[in-house]
Student: 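I am attaching a structure below and will ask some questions about it afterwards.
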Amino acid sequence: MTAPRLEIDLGKIEHNARTLVRRLARSGISVTGVTKATLGEPKIASALLRAGVSGLGDSHIENLERMRLASVPSTMTLIRTPMLSQADRVIKHADVSFNTELEIIAELSSAAQKAKTIHGVVLMVELGDLREGIMLADMLETVEATRCLPNIVFKGIGANLGCLNGISPDTTNMAALSRLADSIDAKFGPITDIVSGGNSANLNWALSGVDTGRINNLRLGESILFGCEALHRQPIEGLYTDSVTLIAEVIEFKAKPSLPWGEVAQNAFGETLDTADRGPISQAILAIGRQDTDPSGLAPPPGIEIIGASSDHLILDTGRVHVSVGDEIKFQINYSALLRTMTSPLCQPGFEPTDEEQ
Ligand SMILES: *Cc1c(COP(=O)(O)O)cnc(C)c1O
């Protein structure tokens, strides 16, 4: 087998997704499975669908296309506002898109008319995290303008918290989203089908037993893959936290001093390090680096410590753990490291169980 590689356990991912789908169903909340961290990998999409997600969402139209081409049978939602330049592709491969700009929705309308199809629009509302979203005061008129556009159907509203500024979903901001759904329906009739409250950062709120109001959907990626919520990265009871592991190979193993010698200047990344002397160490080098992963998002096995990384080398202090050249070392990996590893052509994912076993 080649290294570096990701090992992805589809059974664990399916279990995590099914558990979250069931728990949220008690509050009338459906789950959109978010596939962006794994680039719309069809095997993962299929595992999510087996677990009962109501649809799939991705921030890149390219990933939705990949799943469509693989005949993944699902509603496809583009969960980032479309690029003006990609309107035709969005109409072709997404059933629904999340939007915040009328100019872009108008372009989607033109593209949908050309393609003789209907496209669903969810309008995103700004609730304080200051990433995407229409200001609350502008929502009713934006709904009205959206509804006037041919071949566009207003599907509902959504919000996204916990991403840029780490603002927590709570009873106050979620109640504001519910009230907005009520006021849209009061003005236009019962048109707000989808009220999508947020992402994995919403789980503490959604599973706490509070009244979840009109929120009837969450979009979950990280919590399904890693079994943790996204505000404090605490494990969620009953979920696997080790569905995804990264494996890299040892290419050098030597006893070395821990203190570099010679005159210290910047390293390859513009950092000036002040390395502490901790005496001689057992140092291993693995053939993986910052180009293939985010070294700060890797957790090494017990007794081993990551002491540095360059573009293509990961340096470990292996302590008392015996290591030889050619050995494989397995790491737990976080969301940030997964994003970078998945997008590295030098590090391919492998899946367990294999198709034949299923
Ligand atoms: C990435 C993303 C999600 C999924 O977030 P997780 O924290 O991985 O659950 C949901 N909604 C939007 C708009 C996103 O960009």
Side-chain angles (χ1 to χ4, degrees), residues 8 13 16-17 19-21 23-24 29-41 44-45 48 51 53-64 75-83 90 94 96-101 104 121-134 155-169 173-174 177 194-207 215-236 239 241 243-244 294 297 333-340 342-343:
I8 300 182
I13 288 172
N16 285 359
T19 306
L20 290 169
V21 165
R23 286 183 194 169
L24 290 166
I29 295 177
S30 68
V31 173
T32 298
V34 174
T35 52
K36 67 189 182 203
T38 50
L39 305 181
E41 164 59 53
I44 291 188
L48 299 179
V53 301
S54 61
L56 297 170
D58 203 290
S59 49
H60 288 80
I61 191 65
E62 294 80 358
N63 296 342
L64 295 181
T75 306
M76 299 289 176
T77 301
L78 183 66
I79 61 172
R80 182 174 70 184
T81 206
M83 291 185 222
V90 172
V96 177
S97 58
F98 285 7
N99 284 272
T100 59
E101 291 287 353
I104 293 175
V121 163
V122 169
L123 294 177
M124 295 298 276
V125 192
E126 177 59 70
L127 289 183
D129 197 49
L130 295 179
R131 204 182 70 178
E132 76 274 38
I134 299 159
K155 287 291 224 186
I157 55 176
N160 195 70
L161 291 163
C163 270
L164 184 64
N165 284 299
I167 300 301
S168 304
N173 47 42
M174 288 298 107
L177 193 63
I194 300 172
V195 184
S196 189
N199 54 49
S200 296
N202 285 62
L203 285 173
N204 291 349
W205 164 81
L207 298 173
I215 312 313
N216 61 13
N217 174 262
L218 290 179
R219 312 167 306 267
L220 302 181
E222 180 174 358
S223 52
I224 294 176
L225 293 172
F226 294 101
C228 66
E229 49 80 37
L231 288 176
H232 309 287
R233 301 274 157 7
Q234 294 303 306
I236 298 171
L239 301 196
T241 56
S243 312
V244 187
D294 174 3
I333 169 172
N334 74 8
Y335 188 69
S336 162
L338 178 64
L339 281 181
R340 201 174 312 164
M342 280 299 299
T343 42

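Here the structure is a predicted model, which is why all the values come from computation and not from measurement. First listed ligand is number 1; within each ligand, the first listed atom is number 1.
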Student: Okay, side chain of Asn99, backbone of Glu101: is any donor-acceptor separation there less than 3.5 Å?
Tutor: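 Not a single qualifying donor-acceptor pair exists.
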
Student: Measuring only between side-chain heavy atoms, which start at C-beta, is Glu132 closer than 4.5 Å to Ile79?
Tutor: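 A side-chain contact under 4.5 Å is absent here.
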
Student: Could you point out which residue of Thr77, Thr38, Thr35 forms a side-chain hydrogen bond (donor to acceptor under 3.5 Å, both in side chains) with Asp58?
Tutor: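 That would be Thr35.
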
Student: What are the two closest heavy atoms between Pro82 and Ile104, and how far apart are they?
Tutor: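 Heavy atoms only, the tightest pair is O-CD1, 3.3 Å.
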
Student: Indicate the atoms forming the closest heavy-atom contact of Ile134 with Thr100, along with that distance.
Tutor: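 Minimum heavy-atom contact is CG1-O, 3.6 Å.
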
Student: What residues come within 4.0 Å of ligand 1, counting heavy atoms only?
Tutor: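 Contacting ligand 1 under 4.0 Å are Val34, Lys36, Ile79, Arg131, Glu132, Asn160, Asn199, Ser200, Arg219, Leu220, Gly221, Glu222, Tyr335.
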
Student: So Leu220 and Val53, do their side chains get closer than 4.5 Å, heavy atoms only?
Tutor: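 In short, these two side chains do not touch, never coming nearer than 4.5 Å.
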
